[in-house]
Amino acid sequence: MTAIAAETSADPIIRVEHVHKWFGSLHVLRDVSLEVASGEVVVIIGPSGSGKSTLLRCLNGLEVPQQGRIVVNGIELTKNPRNINRVRAEVGMVFQQFNLFPHLTALENITLAQRVVRRRSRAEAERIARALLEKVGIPDKADAYPAQLSGGQQQRVAIARALAMNPKIMLFDEPTSALDPEMIKEVLDVMRDLAREGMTMLVVTHEMGFAREVADRIAFMDQGQIVEVGTPETFFRSPKEARTQAFLSKIL
Amino acid sequence: MERIPWWALLLVAAGLFVAVGIQRSEVYRETLDFLASGVLLTLVLTVLSYALALVLGLVAGLMRISNNPWISTPATLYVEVVRGVPLLVLLLYIAFVLTPALADATGIGWWRNEIVRGVLGLGIGYGAYLAEVYRAGIESIPRGQREAALSLGMSYAQAMRYVILPQALRVVLPALGNDFIALLKDSSLASVLSVQELTYSGNLLNARTFRAFETYNMVALLYLLMTLAGSAGVRLLERVTAGGRG
């Protein structure tokens with residue numbers, strides 16, 4: 001093993017251990033374990049209904065697993081429900097459906113949580129918001145309402161909104177699946193920049209090009225289990241498991 | 001600016017006709033003078049009980065959507081009981097059972113005041129309807145809105161206050177306006193508690209003069225004027241709040 005891998009196992013920022021989750025009688029996560037190092041980009045792929053989104057949602061407490069242990073940024077999420085708010089402040093999430101607040105402008109979407117959660121002044125929150133809108137490439141849309149923006153612009157505002165909280169980890173739940181094809185690139189470009197800056201990212205996506213290029217590791221999930229984890233190179237070129245091979249043969 | 005509907009023109013014409021008629025008739029003028037204080041009290045009663053209902057309804061509506069049965073069950077009980085009892089019976093019960101008991105227990109005399117009783121009865125009654133309006137509004141907001149707010153680190157209360165309620169209120173504004181007008185009409189029930197509002201004043205005048213025709217014409221007309229003004233106000237409010245959406 002290389003030195004990087006040793007460091008990875010020493011101090012993971014996300015540690016998921018033997019997690020089980022049921023929705024009623026449906027067993028959606030079966031003994032899932034995963035470690036993510038600080039600064040690492042892990043892309044989760046797999047067929048729909050395989051539990052990818054549920055796993056992501058467990059990491060910021062939107063779903064609570066019935067069994068197992070989840071530690072994020074040194075805080076054990078599964079032990080005390082009160083820890084959820086502390087974890088959420090450090091973990092940004094981007095949703096498939098953007099979930100911008102429709103009654104607020106783009107700028108207000110980005111400043112709201114800064115002001116009520118981080119207690120920043122209006123001036124400081126707006127300065128940060130404008131800088132982030134600049135960063136995601138739409139500085140001129142500060143005063144637009146979500147309904148006036150395209151899907152790609154909305155998703156970039158949503159990314160800026162999450163980044164404004166200075167998260168240590170960013171979770172992306174199929175961020176481009178609701179977008180028209182010509183808007184996918186503008187969102188992926190923002191995510192690629194973010195990865196390059198060293199953000200720890202967990203990305204559920206069907207964009208194989210993005211996974212191959214940006215991911216440090218790729219995890220393949222099927223039927224509630226993590227079937228295989230590997231670097232993009234080994235994962236795409238020589239997948240070990242039969243289920244991975246079958247999935248890849250369908251999509252590539 | 002949308003076109004003025006024909007029925008509004010008709011109403012204005014009829015209103016002018018009536019106004020001129022009233023102005024020229026001694027009897028109607030006297031009736032109007034006598035009922036004027038009743039109109040004022042009807043408005044006071046309506047506004048105060050609606051304010052109470054808005055607060056009670058919001059609290060009960062928020063309690064009803066709680067996952068904790070210790071919080072949601074009392075609210076459900078309140079809504080079901082109050083909705084299941086005729087408003088008139090509820091008013092009588094509050095005025096002649098509940099508030100006298102409260103007055104005796106606390107030694108505070110103003111529980112026996114008929115306006116306090118009327119406001120309490122109407123407010124508690126309409127609070128139950130408004131609780132359901134709020135609940136429906138809150139539940140109409142997509143789940144993703146709450147999840148986005150929570151994942152930004154907001155507490156449940158902050159998500160409600162800054163994200164869910166501002167959107168829900170916009171959805172329920174027409175229903176809230178409807179209930180305001182319904183409450184204005186139902187405030188006439190307070191006449192049985194000897195609140196000297198418009199209906200009570202009308203009954204009083206009729207008993208004194210036996211001019212039922214003129215008296216109740218005037219009473220009905222005054223209610224109509226108030227409710228029409230009310231619905232015009234609600235429509236204006238809807239247009240103003242819809243403006244910010246872009």
Side-chain angles (χ1 to χ4, degrees), chain A residues 53 56-57 59-63 81-82 84-106 108-119 141 143-149 154 157-158 160-167 169-173 178, chain B residues 54 58 61-62 65-72 133-177 234-246:
Chain A
S53 292
L56 217 57
R57 291 160 61 85
L59 295 179
N60 74 344
L62 290 179
E63 305 286 355
R82 280 166 174 262
I84 284 176
N85 279 335
R86 280 169 60 206
V87 168
R88 279 176 182 154
E90 309 300 331
V91 180
M93 181 142 188
V94 175
F95 300 87
Q96 183 177 358
Q97 298 297 335
F98 328 135
N99 294 347
L100 289 183
F101 308 135
H103 61 300
L104 302 177
T105 63
E108 289 165 343
N109 263 280
I110 304 172
T111 54
L112 177 61
Q114 292 189 66
R115 298 186 62 200
V116 305
V117 179
R118 290 275 192 243
R119 301 261 161 228
K141 297 294 183 186
D143 297 322
Y145 284 88
Q148 298 165 321
L149 300 174
Q154 287 190 54
V157 173
R161 179 175 69 175
L163 290 176
M165 303 299 288
N166 305 113
I169 302 163
M170 286 285 285
L171 308 175
F172 292 86
D173 187 4
Chain B
L54 279 176
L58 182 60
L62 287 172
I65 55 171
S66 169
N67 289 326
N68 183 342
W70 290 101
I71 297 174
S72 62
V133 170
Y134 282 119
R135 184 174 69 101
I138 290 168
E139 285 176 352
S140 77
I141 305 304
R143 212 170 59 139
Q145 290 290 310
R146 214 191 86 194
E147 292 181 348
L150 293 182
S151 67
L152 286 166
M154 287 189 220
S155 65
Y156 179 82
Q158 287 173 331
M160 260 302 158
R161 177 172 162 205
Y162 297 109
V163 176
I164 310 294
L165 280 180
Q167 297 182 60
L169 283 181
R170 216 168 272 176
V171 173
V172 300
L173 202 61
L176 289 181
V234 170
R235 219 165 301 159
L236 191 72
L237 202 62
E238 277 170 40
R239 208 169 303 167
V240 169
T241 53
R245 189 74 173 257

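Values below: all heavy atoms of this structure, side chains included; hydrogens, waters and symmetry mates excluded. Per chain, numbering begins at 1; letters A, B, ... match sequence-line order.
Near-neighbour residues of residues 146-154 of chain B relative to chain A, defined by a heavy atom under 4.5 Å from a heavy atom of that chain, comprise E147(B), A148(B), A149(B), L150(B), S151(B), L152(B), G153(B), M154(B). Contacts between residues 134-144 of chain B and chain A, defined by a heavy-atom separation under 4.5 Å, are made by R143(B), G144(B).
Residue R88(A) comes nearest to N60(A) through the heavy atom pair NE-O, 2.8 Å, listed as atom of the first residue, atom of the second, then distance. Residues Q154(A) and P146(A) share a closest heavy-atom pair of NE2-O, 3.3 Å. In terms of heavy-atom proximity, Y156(B) sits nearest to I65(B) at OH-CD1, 3.8 Å.
For V91(A), the part sitting under 4.5 Å from any heavy atom of chain B is the backbone (N, CA, C, O) and nothing else. F95(A) touches chain B through its side chain: at least one heavy atom from C-beta onward sits under 4.5 Å away, while N, CA, C and O do not. Contacts of L100(A) with chain B are made by backbone atoms alone, with heavy-atom separations under 4.5 Å and no side-chain atom involved. Heavy-atom distances place no part of R86(A) under 4.5 Å from chain B, backbone and side chain included. For chain A, the nearby part of Q158(B) is the side chain; its heavy atoms alone come within less than 4.5 Å.
L176(B) places a side-chain heavy atom less than 4.5 Å from the side chain of L54(B). At least one side-chain heavy atom of M160(B) sits less than 4.5 Å from a side-chain heavy atom of I164(B). Side-chain contact between V117(A) and M165(A) is present, with at least one heavy-atom pair separated by less than 4.5 Å. Side chains of L171(A) and R57(A) form no contact here, defined as non-hydrogen atoms less than 4.5 Å apart. Proximity of L59(A) to I169(A): side-chain heavy atoms (C-beta onward) are nowhere separated by under 4.5 Å.
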Would you check, one step at a time, whether the test side-chain contact (heavy atoms from CB on, under 4.5 Å) holds for N166(A) with Q114(A)? CA-CA 10 Å; N166(A) 305 113; Q114(A) 292 189 66; over 6 Å; no
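The distance from the CE atom of M170(A) to the CE atom of M93(A) is 10.5 Å, given to the nearest 0.5 Å. Summarising the geometry, atom CD belonging to Q167(B) is positioned 4.5 Å from atom CD belonging to Q145(B); distances are rounded to the nearest 0.5 Å.
Geometric assessment of R115(A) against the ring of Y162(B) yields a negative cation-pi assignment under the 6.0 Å and 45° thresholds.
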